[in-house]
Amino acid sequence: MAGFSFGIPAIAQESAADLKDRIRLLEAELEQTKRALAKAEAEKSTANVEAQPDTDMAFNVAGGRLKVGGAVRVNYTAGTYPKDTGGGESSRAFQDGGNVGLDTARINLDYENGNVLGKFEYRFYDGYGGFGTGYHMLHTAWLGYNYANGSQVQVGVNRVPFGPGPYGVSQSFFFDQHYYVGLSDDMDLGVKYSWTTGDWKWDAGYYLQDEGSYKGGSKKADRYSYDVITDSVGNGYEEENQVNLRGIYSTKLAGIDSDLGFSVQYGEMRGKGVNVLGNPTRDGDMSAYSLHMVNKWNNFTLATQGTHYDYDVEQAGVANQGEILMGAFAFPTAVAREAFIPAVSLSYYLETPSIAWLNYVIPFVEYSSIMKDEAGFNDSELYTIGAAFGTAGGWYTYAEYATSNGNDFIGGDGGFNSRFGANPNPTRNHRFNINFGYYF
């Protein structure tokens, strides 16, 4: 009896200690869950048309689940483009009322088998004048593995980790100027490893080369993302052996959820063919360094980024010593070899429960500029204001107005040469664009 009466307090004392430990553990887990939910909710305001919606087209393949999806997007465009000259091709000029044409058709495959996963995407584009002619290219093709500690590895053509997110600071259809110098939404062939340590999220990558060129009107520029390329006879440079590191720290600044980050990129530039003097093109390298921050307050998102990049190469395949040849979307273009890019985006996520066909609206305003180091080069600014509409039934729509004095896709069909480089004629052009996308 004495042993029994003596044992009760001991058991009770031990249980109380265990209970306190358990409570602390649950509180920690609850706090982590709250953070995850808050971050997921906030990230809705950074939604982009590239997200793949759920699809009912799924099949059992090799013990896993293969989902098949895709999208078709159509553009209405009106801007400061040449007027219709009677050549039978629909004009995008303001004076002619603009035109409508196919933007993109794409196929998506998503595979999951336990911890094994993979993604594949292939895209088809049309020329601006109408349906029929165009180009197509691989966008994504990788296999990956999810580890028990939450980390992930991807091997194949995947998105290079650089900047605050997959699309830089941008919410818009046109992205910001980082994209056009290969420093946002850039797909390359290599391996990427992602993991977390406390409040830090890390990504490290090694890329053997770019994603390659596919089928279109250009020998080297038939690709989705901007890469360094050689000219039509094989002179210039190609990207090889690139390494990337990105770290993003999640915290609160004055009560505002904030992601503070940095990105570093270094790669080799392999010389091909001959230079302007007829001598073999010497190898070079490139480096890029970026600081970025994303602040979320209620439904507002303010994203900022500052980047300096430098291609340490000699003159090859371009007219000016201060330029290097890059290409995408079947168009080669000269880009400044060294520049600083500031970029900022302000957006607001607005849910619309009272409108049955509309899920949400994201109005935004953005600014970015390529500020070149070369004397005599003019900067290339891009301003965009608009909204993205997430509608029921798999529809996603952009409506925006962009103005720029140095962007190949904003007005003036005589470009595709040096607007991102020397930009000798920095005329300000304008473009109003509505992109209708159906995702299945």
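Treat the numbers as computed from the prediction; the structure is a model and nothing was measured.
Using cut-offs of 30° and 60° on the angle between ring planes, the pair Tyr145 and Tyr147 is perpendicular. Under the 30°/60° scheme for interplanar angles, the aromatic rings of Phe420 and Tyr180 are found to lie parallel. Ring-plane geometry between Tyr76 and Phe432 is classed as perpendicular, the angle between the planes exceeding 60 degrees on a 0 to 90 degree scale with a lower cut at 30. Aromatic ring pairs are classed by plane angle as parallel below 30°, tilted from 30° to 60° and perpendicular above 60°; the pair Trp297 and Phe300 is parallel. Ring geometry for Phe120 against Tyr122 counts as parallel: the plane angle stays under 30°, on a 0 to 90° scale with 60° as the upper cut.
Residues Tyr289 and Thr307 form no side-chain contact, since every pair of their non-hydrogen atoms from C-beta on lies 4.5 Å or further apart.
Listed by first then second residue, pairs satisfying salt bridge (charged side-chain N to carboxylate O under 4.0 Å, His left out) with a partner in residues 431-440 number zero, not counting sequence neighbours.
Thr333 and Ser418 make their closest contact through OG1-N, 4.4 Å (heavy atoms, listed as atom of the first residue, atom of the second, distance).
Judged by a 6.0 Å distance limit and a 45° cone about the ring axis, Arg73 is not positioned over the six-membered ring of Phe436. Figure legend: Arg419 and Phe409 shown without cation-pi pairing, the cationic atom not lying both under 6.0 angstrom from the six-membered ring centre and within 45 degrees of its axis. Because its NZ or CZ atom is not both nearer than 6.0 Å to the ring centre of Tyr311 and within 45° of the ring axis, Arg337 does not count as a cation-pi partner of that residue.
A donor-acceptor pair under 3.5 Å links the side-chain atoms of Asn235 to the main chain of Val274, judged by distance alone. Asp283 places a side-chain N or O within donor-acceptor distance of the main-chain N or O of Gly271, the cut-off being under 3.5 Å. At least one donor-acceptor pair under 3.5 Å links the side chain of Tyr111 to the backbone N or O of Val61. Of the possible polar contacts, none joining the Asp285 side chain to the Glu268 backbone as a donor-acceptor pair under 3.5 Å is found.
Residue Asp110 is tested with Lys119, Arg65, Lys67 for a salt bridge (Lys or Arg N to Asp or Glu O under 4.0 Å); the sole match is Lys119. Thr77 pairs in a side chain to side chain donor-acceptor pair (under 3.5 Å) with only one of the listed residues (Asn433, Asn435, Asn99, Asp103), which is Asn433. No option in Phe175, Phe173, Phe174 other than Phe175 meets the ring pair (Phe, Tyr, Trp, His ring centres under 6.0 Å) test with Tyr167.
Residues that satisfy the side chain to side chain contact (heavy atoms under 4.5 Å, CB included) test with Glu338, not counting sequence neighbours, are His308, Asp310, Asp373. Residues that satisfy the salt bridge (Lys or Arg N to Asp or Glu O under 4.0 Å) test with Glu112, not counting sequence neighbours, are absent from this structure.
Ion pair Arg223/Asp210 flagged as a salt bridge, since at least one NZ, NE, NH1 or NH2 atom sits closer than 4.0 Å to an Asp/Glu carboxylate oxygen. A salt bridge does not link Lys192 to Asp203: none of the charged side-chain nitrogens sits closer than 4.0 Å to a carboxylate oxygen. Ion pairing of Asp257 with Lys252 is present here, as a side-chain N (NZ or NE/NH1/NH2) and a carboxylate O approach within less than 4.0 Å. In this structure, Glu238 does not pair ionically with Arg270, as no charged nitrogen and carboxylate oxygen lie closer than 4.0 Å.
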**OP:** Determine, stepwise, if the pair Tyr135 / Tyr214 fulfils ring-ring contact (aromatic ring centres under 6.0 Å, His included).
**Re:** CA-CA 8 Å; Tyr135 45 95; Tyr214 294 85; over 10 Å; no

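Here CD1 of Ile410 is found 10.0 Å from OH of Tyr401. Values are rounded to the nearest 0.5 Å.
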